[in-house]
Amino acid sequence: MRVQVAIIGAGPAGLLLGERLGHAGIDAIILERQSPDYVLGRIRAGVLESGTIDQLRELGLGARVDAAGLRHGGIELCFDGGRHRIDLAGLTGGKHVTVYGQTEVTRDLMAARAAAGRTTVYNAEAVTPLDFDGEKPRVAYRLKGAEQTIRADFIVGADGHHGAARAALPGGAIAAFERVYPYSWLGLLADVPPVSDELIYVRHPRGFALCSMRSPTRSRYYLQAPADARADAWTPDSFFDELARRLDPEAAARLIRGPALEMSVAPLRCFVAEPLRFGRLFLAGDAGHIVPPTGAKGLNLAASDAFYLAEAIQDFYDEKSTAGIDAYSARALARVWGAVRFSAQMTALTHQTPGDGGFDDRLQMANLRALVRSETEARGLAENYVGLPY
Ligand code: RFL
Ligand code: PHB
């Protein structure tokens with residue numbers, strides 16, 4: 001089989017890229033290790049920048065997000081027993097973010113792909129990119145026990161942090177820049193109304209907490225937990241007790257508890273691979289970089305990578321020019337490092353570091369007070385939170 005582009009991974013990066021290429025008349029196949037249900041069952045991101053939403057709209061997929069997505073023009077910072085609103089819209093000339101689950105984005109993209117008759121191979125095993133340092137790359141994989149090969153002009157690794165694409169690169173081909181945080185997030189999803197209309201980011205001596213949501217009847221909460229925390233050591237009750245301790249008294253009194261639809265632990269880390277290209281293999285989304293979730297940027301970066309890469313590949317076919325694909329890595333990485341900066345700052349602002357002697361603690365409080373006192377300080381946060389321009 002021969003295609004123009006072979007994409008590994010049917011997460012948001014791969015699906016969005018596939019859809020953009022399909023709309024440009026470029027033939028792309030997606031190879032995914034998991035089943036469609038497994039992909040849809042992963043509970044992850046919830047906050048989308050307007051650039052991400054605009055891409056869905058451009059692809060004719062705006063209807064569901066426009067109907068069900070929640071527009072948020074502010075967030076709250078909670079510390080020292082009180083809450084303080086950051087007016088995202090007021091500080092950015094009317095910009096906002098949209099709360100719409102990653103599972104819904106994935107569902108919309110999967111449905112569009114199926115409706116357009118574009119091929120996704122699910123349950124593909126041992127997916128291996130080959131010969132991407134030359135002009136004739138191939139991807140080998142196994143399906144139901146049979147070995148298969150696809151020839152392509154380009155291979156895109158959109159297969160997440162633990163994927164096969166980056167792992168296939170020769171040693172020394174890319175540099176990795178990494179920071180592993182000494183804590184994780186314990187997440188809980190429950191069908192209860194959110195504690196507040198807007199997201200609350202909590203800085204508390206017992207650890208960070210985040211009150212988010214998926215809809216007016218579905219809440220998504222997170223607690224900072226030790227790096228080696230296990231979800232099965234917690235119950236919904238112990239989770240809600242701990243969340244209430246970290247919230248201000250007024251919010252704690254309003255917290256509605258309920259059974260957990262999902263509880264899971266996610267380690268916090270930052271990782272950037274440079275460059276995001278080796279020969280005819282490109283990395284996009286989490287395969288190339290991950291950021292701590294505090295800034296809500298991972299999925300939005302997957303979307304901007306897909307945008308830049310689709311444009312570059314389209315230029316290659318339409319203009320017979322390699323300028324776009326040659327520039328992809330630098331263009332994407334500039335935006336990635338902006339998000340790394342913001343995500344690292346938001347994490348440092350709100351998380352407790354074990355063994356810290358009190359200096360960071362005081363610095364956090366000084367930074368938080370500056371944010372609520374000074375519009376200039378708050379504007380920087382707001383501009384980054386709603387999303388840097390493409
Ligand atoms: P994904 O979603 O990991 O998809 C990769 C796909 O590749 C498949 N795959 C393979 N397929 C074939 N062969 C292989 N060898 C393969 N290995 C893997 C996988 O099965 C999968 O289907 O990566 P992608 O597409 O780059 O998307 C990235 C986002 O998923 C991620 O950045 C976000 O979820 C991060 N994130 C958030 N981002 C935001 O923009 N806003 C948020 O509010 C937000 N909150 C979060 C988050 C991530 C979290 N966790 C769990 C890390 C909250 C949390 C708790
Ligand atoms: C989420 O709703 O899952 C979410 C929201 C904001 C973040 C991270 C995750 O910063």
Side-chain angles (χ1 to χ4, degrees), residues 6-18 30-36 38-49 51-52 70 72 75 97-103 105-106 109-110 120-129 139-142 156-168 184-189 194 198-201 208 210-215 218-223 262 264-269 271 283-306 336 339 342-343 346-347 350 385 387:
I7 300 171
I8 308 173
L15 286 168
L16 198 50
L17 177 66
I30 303 185
L31 302 171
E32 164 63 48
R33 182 171 58 178
Q34 306 287 357
S35 67
Y38 185 96
V39 170
L40 282 173
R42 279 192 299 241
I43 311 295
R44 288 189 171 175
V47 175
L48 307 186
E49 298 172 351
T52 306
L70 307 173
H72 282 209
I75 56 169
V97 292
T98 302
V99 171
Y100 188 67
Q102 177 166 336
T103 44
V105 175
T106 309
L109 288 164
M110 280 167 74
T120 310
V121 178
Y122 287 97
N123 304 305
E125 295 172 75
V127 177
T128 313
V139 183
Y141 65 100
R142 199 164 53 237
V156 178
D159 48 354
H161 187 57
H162 301 288
R166 204 180 64 248
S184 62
W185 278 18
L186 173 68
L188 177 147
L189 185 74
E198 293 184 338
L199 270 64
I200 310 176
Y201 288 82
F208 168 82
L210 171 60
C211 302
S212 180
M213 65 195 73
R214 291 291 175 272
S215 75
R218 182 169 283 190
S219 300
R220 178 67 167 161
Y221 295 123
Y222 296 101
L223 293 174
E262 192 251 14
S264 58
V265 172
L268 256 68
R269 69 170 58 193
F271 173 95
L283 299 175
D286 278 15
H289 42 77
I290 48 178
V291 288
T294 329
K297 291 293 167 231
L299 168 59
N300 293 300
L301 289 178
S304 52
D305 284 1
V336 166
F342 176 64
S343 305
M346 282 291 280
T347 305
T350 50
Y385 196 88

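Side chains included, hydrogens not; waters and symmetry mates left out as well; all remaining heavy atoms used. As the structure lists them, so they are numbered: ligands from 1, and atoms in each ligand from 1.
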Next item on the list: Begin from the C-alpha positions of E198 and I75 and carry the test side-chain contact (heavy atoms from CB on, under 4.5 Å) through to its verdict.
Entry: CA-CA 6 Å; E198 293 184 338; I75 56 169; 5.7 Å; no

Margin query: I need the L189 CG to Y221 OH distance, nearest 0.5 Å.
Written below: 10.5 Å

Check: Which residue supplies the protein heavy atom nearest to atom 20 (O) of ligand 1, what is that atom called, and how far is it?
Finding: E32 OE2, 2.6 Å

Margin query: Testing the basics here: between S184 and P267, what is the closest heavy-atom pair and its distance to 0.1 Å?
Written below: CB-CA, 3.9 Å

Check: Distance-only, no hydrogens or angles: does the D159 side chain make a donor-acceptor pair with backbone N or O of G14 under 3.5 Å?
Finding: no

Notebook entry, point to check: At what distance is the nearest protein heavy atom to atom 1 (P) of ligand 1, and which residue and atom is it?
Noted result: R44 NH1, 3.5 Å

Checklist line | Residues E262 and R42 bridged, charged N to O under 4.0 Å | finding: no

Next item on the list: Using a 4.0 Å heavy-atom threshold (strictly under), name the region of A124 that reaches ligand 1: side chain, backbone, both or neither.
Entry: neither

Check: Based purely on interatomic distance, does H162 place a nitrogen or oxygen under 3.5 Å from a nitrogen or oxygen of ligand 1?
Finding: no

Checklist line | Residue, atom name and distance, where the atom is the protein heavy atom closest to atom 52 (C) of ligand 1 | finding: A266 CB, 4.1 Å

Item checked: Distance in Å, Q102 CD paired with L40 CG, rounded so as to fall on 0.5 Å steps -> 10.5 Å

Notebook entry, point to check: Less than 3.5 Å between some nitrogen or oxygen of V127 and one of ligand 1, yes or no?
Noted result: no

Next item on the list: Provide, to 0.1 Å, the distance between atom 29 (C) of ligand 1 and the closest protein heavy atom, together with that atom's residue and name.
Entry: Q102 NE2, 3.7 Å

Note to self: So which atom in V39 and which in A10 form the shortest heavy-atom distance, rounded to 0.1 Å?
What the structure shows: CG1-O, 3.7 Å

Next item on the list: Can you pull out the closest protein heavy atom to atom 12 (C) of ligand 1? Residue, atom name and distance to 0.1 Å, please.
Entry: R33 N, 3.3 Å

Check: Among G11, A339, P12, whose heavy atom sits nearest atom 27 (O) of ligand 1?
Finding: P12

Check: Looking only at distance, does G298 have an N or O less than 3.5 Å from an N or O of ligand 1?
Finding: yes

Margin query: With nothing but distance in play, are any N or O atoms of R220 less than 3.5 Å from an N or O of ligand 1?
Written below: no

Note to self: Using a 3.5 Å distance criterion without hydrogens, assess whether the side chain of T128 forms a donor-acceptor pair with backbone atoms of A126.
What the structure shows: yes

Checklist line | Best match, A158, G9, A306: closest heavy atom to atom 5 (C) of ligand 1 | finding: A158

Notebook entry, point to check: Counting both backbone and side chain atoms, is some N or O of G46 under 3.5 Å from an N or O of ligand 1?
Noted result: yes

Notebook entry, point to check: Parallel, tilted or perpendicular: which describes the rings of Y222 and W185, with under 30° parallel and over 60° perpendicular?
Noted result: tilted

Margin query: Test of understanding: given a 4.0 Å heavy-atom threshold, classify the contact between I8 and ligand 1 as side chain, backbone, both, or neither.
Written below: side chain

Notebook entry, point to check: Would D286 and R44 satisfy side-chain contact (heavy atoms from CB on, under 4.5 Å), going step by step from the backbone distance to the final call?
Noted result: CA-CA 13 Å; D286 278 15; R44 288 189 171 175; 4.3 Å; yes

Next item on the list: May I ask you to identify the nearest protein heavy atom to atom 32 (O) of ligand 1, giving residue, atom name and distance to one decimal place in Å?
Entry: D286 OD1, 2.7 Å

Checklist line | Shell of residues surrounding ligand 2, defined by a 4.0 angstrom heavy-atom cut-off that is strict | finding: R44, G46, V47, W185, L199, Y201, L210, S212, R214, R220, Y222, P293, T294, A296

Checklist line | Min N/O separation Q34 to ligand 1 under 3.5 Å | finding: no

Check: Taking all atoms of both residues into account, what is the closest heavy-atom pair of M110 and P36, and its distance?
Finding: CE-CB, 3.5 Å

Next item on the list: Looking only at protein heavy atoms, identify the closest one to atom 45 (N) of ligand 1 and say how far it is in Å.
Entry: A45 CA, 3.3 Å

Next item on the list: Using side-chain contact (heavy atoms from CB on, under 4.5 Å) as the criterion, point out the one residue from T98, L199, V47 that pairs with H72.
Entry: L199

Notebook entry, point to check: Going by the atom numbers of ligand 1, which of them fall below 4.0 Å from some non-hydrogen atom of A164?
Noted result: 15 (N)

Notebook entry, point to check: Which atoms form the tightest heavy-atom contact between A6 and V139, and what is the distance?
Noted result: CB-CG2, 3.8 Å

Note to self: Are any of the N/O atoms on V39, whether in the backbone or the side chain, positioned under 3.5 angstrom from an N/O atom of ligand 1?
What the structure shows: no

Check: N/O to N/O below 3.5 Å, does that happen between G14 and ligand 1?
Finding: no

Checklist line | For ligand 1, the portion of L48 having any non-hydrogen atom under 4.0 Å away | finding: neither

Next item on the list: Show which atoms of ligand 1 fall inside a sub-4.0 Å distance from at least one heavy-atom site of L31.
Entry: 11 (N), 12 (C)

Next item on the list: Record the part of K297 in heavy-atom contact with ligand 1 below 4.0 Å; permitted values are side chain, backbone, both and neither.
Entry: backbone

Next item on the list: Answer with yes or no whether R42 contacts ligand 1, where contact means a heavy atom under 4.0 Å from a ligand atom.
Entry: yes

Note to self: For atom 25 (O) of ligand 1, what is the closest protein heavy atom, and at what distance to 0.1 Å?
What the structure shows: A13 N, 2.9 Å

Next item on the list: Check each of I290, T294, V291, L268 against S343 using the side-chain contact (heavy atoms from CB on, under 4.5 Å) test, and report the only one that passes.
Entry: V291

Note to self: Quick check for you: to the nearest 0.5 Å, what is the distance between I7 atom CD1 and I30 atom CD1?
What the structure shows: 4.5 Å

Checklist line | For the student: nearest non-hydrogen atoms of P129 and A165, plus distance | finding: CG-CA, 4.1 Å

Notebook entry, point to check: For L283 and R166, what are the C-alpha separation, side-chain angles and deciding distance, and is it a side-chain contact (heavy atoms from CB on, under 4.5 Å)?
Noted result: CA-CA 7 Å; L283 299 175; R166 204 180 64 248; 3.8 Å; yes

Check: side-chain contact (heavy atoms from CB on, under 4.5 Å) between L70 and M213: does it pass, once the steps are laid out?
Finding: CA-CA 9 Å; L70 307 173; M213 65 195 73; 3.7 Å; yes

Margin query: Heavy-atom distances under 4.0 Å decide this one: backbone, side chain, both or neither, for Y222 against ligand 1?
Written below: side chain

Check: If you count the atoms of ligand 1 from 1 in the order shown, which ones are under 4.0 Å from a heavy atom of G285?
Finding: 26 (O)

Notebook entry, point to check: Nearest heavy-atom pair of R214 and V99: which atoms, and what distance?
Noted result: CA-CG1, 4.3 Å

Item checked: From NZ (K297) to CD (E49), nearest 0.5 Å -> 4.0 Å

Next item on the list: List every atom of ligand 1 that sits less than 4.0 Å from any heavy atom of G163, numbering the atoms from 1 in the order shown and giving each element.
Entry: 17 (N)

